[in-house]
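Some notes on the structure that comes next.
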Amino acid sequence: MITNKGVFKRQAAVLLAASLVAATAAACSSSKETEPAAGASAGAQEPPTPISIMTTFYGAEPPGADNAIIKEIEKRTNTKLNITWVSPNSYGEKVNVTLASGDIPDLTLIGDNLSPSVRKMAEQGAFWELEPYLKDYPNLNAFPQTVWDNTRYQNGKLYAIPRVRALSTGMVSVRKDWLDKLGLSVPKTMDDLYEAMKAFTNNDPDGNGQKDTVGLVGDIASDGLSLGTLNHILYIFQGASEGWKVEPGSNKLVNMMTDPSTRAALEWIRKAYAEGLIHKDFVTLKNSQSRDIVMSGKAGVVFEAVSAAWDLTEGLRKNQPEGDMLPLASLTGPSGKPYMHRGRGYNGVFVIPKTVPEQKVKKLLAFLDYGSSAEGYELGVYGFKDIHFTKEGDFYKPTEQAKKDIVSSNAMGQIFTRYDKYSWAKGTDPDFYNRSKQVIDEIEKISTANPFEGLYSETWAKNRNEFYKKITDAQVKVILGQEPLENWDKTVEALKADPNWIKALEELNGAYRAKNGL
């Protein structure tokens, strides 16, 4: 276990008193110890390092400066934290205002580090380039290489620390209890899924004698720029993560919207909708409403991450104790190959402005490194054992005191993150949890990464929303039967002939070659 002792001594970020070293060594003798930094003397300690942070929080309110866990983190890391907590509802706007002001906190969480404005600031030298320092921080360095590569810009540089997440996120869950009741096998192909959806819609899986269930519930993106959760059907047919693919042999990056596989996917969705197998209101539903429909026992298939499978199952079991949403490891489309997309491995990044001196940069990295250690992460997210949580095996059980002290991943868990490939596996039911871990293991073997990560094209940035608005409008009209499938062919031909589409793909291909040294 890497603890604050090994990290902070090695970085000379904190000089612990000799007595504290001895006490901590006794409590955690398995930690790797190093000699105190040069110049340290018995009983001497540097003043706490002030660290300003801007991040988001989830829940009714954030923890205050006098929060017991924040105080303990300050003590263990020899820091003084000044955290600006911002509601997720206004976080993007707050980031934009803060970056424009030039008065940027030491650590600032940026939700979209690939946005043109953030990218421009980074490449103009507004943020520290961090890769030269990372080798000295074992817990940050333990993040998968894929995560770092996805954070990297096409110029090859790293300007941020990812708020790390598991790569194997999953994307679809099916009512396992309904499959069992109707004598159906777990779907492996899109044809299997179609038959399950048909049975869920027509064969009274809830046994109430009424035709009041539907095969699939979904919702399109709130900004109207994609099919939202139904996009995953396109990806399965395309065999492409987020709609981007590199042609084998040519190293050519292609957007699959103009590929015949997308037409085949739309034909599949259109047919399912016409037969009533997809919730009739998918265009206007919010994601929370889709989830409510599943938890009320009225839909059997939903495209959500593995983690959502437990949330939905838990909701189902309030009224249907046998309810069981099974996350699938993959589905096979027309290509004949099992498909599952791979996540980017992070959700937002922390940047350090160039106004911060280099020596303090090292202390900031040491602070984040501690938050990625087993000790630091547990303290930040779960608090004190037997006060804020109890533990049985892999399961942390929060106490009422944890709620009172606002100790959860919703607060410090937005600053302290640790890579755990099973973090999407959730549940208080050990059997459910272990089954989800097995699913994640399968996803890890076959999942497809998105080659678009980290790339930038000025033409794409300027025209992306217009492209996707036209694409989504055309797709929705075809799915609803308002226009014939042939109208999608016209959309495709118009895209292929659009000078901005052509130029954007040329620029993105150049960026792809540059990033990958081709």
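Electrostatic pairing of R317 and D177 does not count as a salt bridge here, judged by no charged N lying under 4.0 Å from a carboxylate O. Under a 4.0 Å N-O distance rule, the pair R152/D149 qualifies as a salt bridge. Here K157 does not pair with E131 in a salt bridge; the nearest charged N to carboxylate O distance is not below 4.0 Å.
Here the CZ-OG distance, from R291 to S288, works out to 9.0 Å after rounding to the nearest 0.5 Å. How far CH2 of W268 is from CZ of R270: 15.0 Å, rounded to the nearest 0.5 Å.
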Identify all side-chain donor-acceptor contacts of residues 323-338 below 3.5 Å with residues at least two apart in sequence or on another chain.
from : atom 1 : to   : atom 2 : distance (Å)
D324 : OD1    : R435 : NH2    : 2.7
D324 : OD2    : R435 : NH1    : 3.0
S335 : OG     : K337 : N      : 3.2

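The salt bridge (charged side-chain N to carboxylate O under 4.0 Å, His left out) search around K397 returns E392, not counting sequence neighbours. Take K426 and apply the salt bridge (charged side-chain N to carboxylate O under 4.0 Å, His left out) test, not counting sequence neighbours, and it matches D311.
The aromatic rings of F467 and W460 sit tilted, their planes meeting at an angle between 30° and 60°. Ring-plane geometry between F143 and W148 is classed as parallel, the angle between the planes falling under 30 degrees on a 0 to 90 degree scale with a further cut at 60. Ring geometry, F57 versus W85: the interplanar angle exceeds 60°, so the pair is classed perpendicular (tilted spans 30 to 60°).
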Query raised in the report: Could you walk me through whether E378 and Y396 pass the side chain to side chain donor-acceptor pair (under 3.5 Å) check?
Result: CA-CA 10 Å; E378 181 177 86; Y396 286 86; 2.6 Å; yes
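Between Y153 and Y159, the ring center distance clears the sub-6.0 Å criterion.
With hydrogens and angles left out, the side-chain atoms of K477 and N487 include no donor and acceptor closer than 3.5 Å. Side-chain atoms of D441 and Y422 form a donor-acceptor pair, as typed in the model, at a separation below 3.5 Å.
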